[in-house]
Number of protein chains: 2
Amino acid sequence: MSPTANQPNSDTKTLVLDCAVPLFAQKGYTGVSMREIAKAVGIQAATLYYHFPNKEALHIATMAHAFSDKAEGMSAAMSEPGTPEERLRRFINLFTFLMSGDKDFRMLLQRELLDGDEEQLETLATKVFQEQFIGIANLANEVAPGCDAHMLAISMAGLVLYHLETGPIRRFLPGGKSEHDDPEVIAHHVTSLLLNGMGGCRR
Amino acid sequence: MSPTANQPNSDTKTLVLDCAVPLFAQKGYTGVSMREIAKAVGIQAATLYYHFPNKEALHIATMAHAFSDKAEGMSAAMSEPGTPEERLRRFINLFTFLMSGDKDFRMLLQRELLDGDEEQLETLATKVFQEQFIGIANLANEVAPGCDAHMLAISMAGLVLYHLETGPIRRFLPGGKSEHDDPEVIAHHVTSLLLNGMGGCRR
DNA sequence: GTCTATATATGGATAGAC
DNA sequence: GTCTATCCATATATAGAC
């Protein structure tokens, strides 16, 4: 293997993407500099331009990298047997734990909803989320046939994500407790609300 | 009134804040430059530093300006008479229409959840949202006594806001229709879900 | 592939005239 | 109060050595 071989020693590109994910997630596109990313990787800023033509390309690649990781795992939970209610319960649980554990992913998604242009959002929707979304919508349709599965799927995901996203401010609002950050508590609340409405906690 | 009088001619400060709101909302703190804000106002960048000590102070003042406008109106809707269900219906309707009409406000709020530090979030929670939040939580407690009013209040607001925030990407997801952007459709869906759960659309 | 060095633009912020 | 002019730090991006 000569020193000029192609793949061996460095998959610097992947390393760059891994380091860029938390930076873009926490500080946003304009909040992160190429120097900052390079420093996190442990290389010089100029080297980034060998792997990516410019900052925007690096940003898009970073998002694709972060999002592609997440496209797996959930499908299995929804295709398992059980009554629609049981499967809803299982899905909300899994989804809440998954999302709860990856703050960077959630922040990237939120930033993309704020800053992404039409093309980026369409790519995200069709190439990344479509399959999972269909699974959720199908589940919604089994739990509540005849209802608008699209809106229900948004509500299902949104309920979980909003409780997670408001974590930093909820503790300052009346009635906020640390238990409200517990994925188990959130999943239980959301499941109960989805299945029975607001009165659902009185069993 | 001498030319050195204090308040008269210019409330440039207010004008600056009005112009800064949509800029910070759409591009974020690091995405907007002082020059850009000055240009939108029609003044020179240096003039901004007469009214505000630095960019961060201008940003904080901008958010206070945007948020304080919204602290009114909702209280009335919740104190009106009616059964808890009727009042919930009215509140969700009003809240959905209010939030639907002010995209800048929603984006500012989202960005604050992403970028705000503890102190800013505490200020936002206690000085701006507390009163409204208590109203929502009280309503939740009347609709569903014995349940966790804090979590229900988050769910109520979150359901509405998430449908609005995902507007740009929903149209690319399966089953997405333009009607899903209609505040009336969103409000009806959310109310039904809150009162009856997912099965609520089969009446 | 990665480096050093640098071109070039733009950012926040200040000084001082009017 | 607002302007012009400018300082200085930092940004993206490129050139060319190794």
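Below, each value reflects all heavy atoms present in this structure, side chains not excepted, and no hydrogens, waters or symmetry copies.
- The distance from atom CG of L124(A) to atom CG of L113(A), rounded to the nearest 0.5 Å, is 8.0 Å.
- Distance Q44(A) CD to dT12(D) P: 14 Å, rounded to the nearest Å.
- Between the CG atom of N138(B) and the CZ atom of R87(B) there is a distance of 9.0 Å, given to the nearest 0.5 Å.
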**Request:** Would you check, one step at a time, whether the test ring pair (Phe, Tyr, Trp, His ring centres under 6.0 Å) holds for H59(A) with F52(A)?
**Result:** CA-CA 9 Å; H59(A) 180 238; F52(A) 306 92; over 10 Å; no

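- Nearest heavy atoms, F91(A) versus L139(A): CB-CD2, 3.8 Å.
- For Q120(A), the side-chain contact (heavy atoms from CB on, under 4.5 Å) test picks out I60(A), E112(A), D117(A), with sequence neighbours left out.
- With dT2(D), dT2(C), dC3(C) as the candidates, the nucleotide lying closest to the side chain of T47(B) is dT2(D).
- Between L15(A) atom CG and dG1(C) atom P the separation is 14 Å, expressed in whole Å.
- Considering only side-chain N and O atoms, Y50(A) lies nowhere under 4.0 angstrom from the phosphate OP1 or OP2 of dT2(C).
- A side chain to side chain donor-acceptor pair (under 3.5 Å) check over residues 19-30 of chain A, counting only residues at least two apart or in different chains, returns the pairs Q26(A)-D104(A), K27(A)-E36(A), T30(A)-T30(B).
- Contacts classified as side chain to side chain donor-acceptor pair (under 3.5 Å) and involving residues 175-184 of chain A (residues at least two apart or in different chains) are given here: R170(A)-D181(A), H180(A)-D148(B).
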**Request:** Assign a letter to each nucleotide of nucleotides 11-18 of chain C from its 5' end: B, base within under 4.0 Å of a protein heavy atom; S, sugar-phosphate only; -, no contact.
**Result:** BBBBB---

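- Counting to the nearest Å, the P atom of dA11(D) and the CG atom of L58(A) are 15 Å from each other.
- Taking five base pairs at each end of the helix from dG1(C)-dC18(D) to dC18(C)-dG1(D), the local helix axes there meet at an angle of 0°, rounded to 10°.
- Residue pairs meeting the salt bridge (Lys or Arg N to Asp or Glu O under 4.0 Å) criterion with at least one member in residues 48-66 of chain B: none, sequence neighbours excluded.
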